[in-house]
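For reference, the structure discussed in these notes is given below.
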Amino acid sequence: MAAEQLYCDYCNVELEPQKTHFTYLGHAFHAEIPCCPKCGQVYIDEELVKGRMARVEMELEDK
């Protein structure tokens, strides 16, 4: 099955995978996510939010 093509709502150009830096409570991690090559808008899918980001948040808040 082919991956869904995502487009920027502002620029109407196809999003491209890009390594993106996130910080939370002074800790950082990277993930490759779709970004607009023109304006930099990012798309964070539900899997990333409920998966990796939620785990990082729980680990940091438990400390």
Show which side-chain atoms of residues 13-22 pair as donor or acceptor with protein atoms under 3.5 Å away, not counting sequence neighbours.
{"unit_1": "Thr20", "atom_1": "OG1", "unit_2": "Gln18", "atom_2": "O", "d": "3.1"}
{"unit_1": "His21", "atom_1": "ND1", "unit_2": "His30", "atom_2": "NE2", "d": "3.2"}

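Under the salt bridge (charged side-chain N to carboxylate O under 4.0 Å, His left out) criterion, the residue pairs touching residues 25-46 are Glu46-Lys50, with sequence neighbours excluded.
Rounding to the nearest 0.5 Å gives a distance of 11.5 Å between CG of Leu6 and SG of Cys36.
For Tyr7, the side chain to side chain donor-acceptor pair (under 3.5 Å) partners are Gln5, not counting sequence neighbours.
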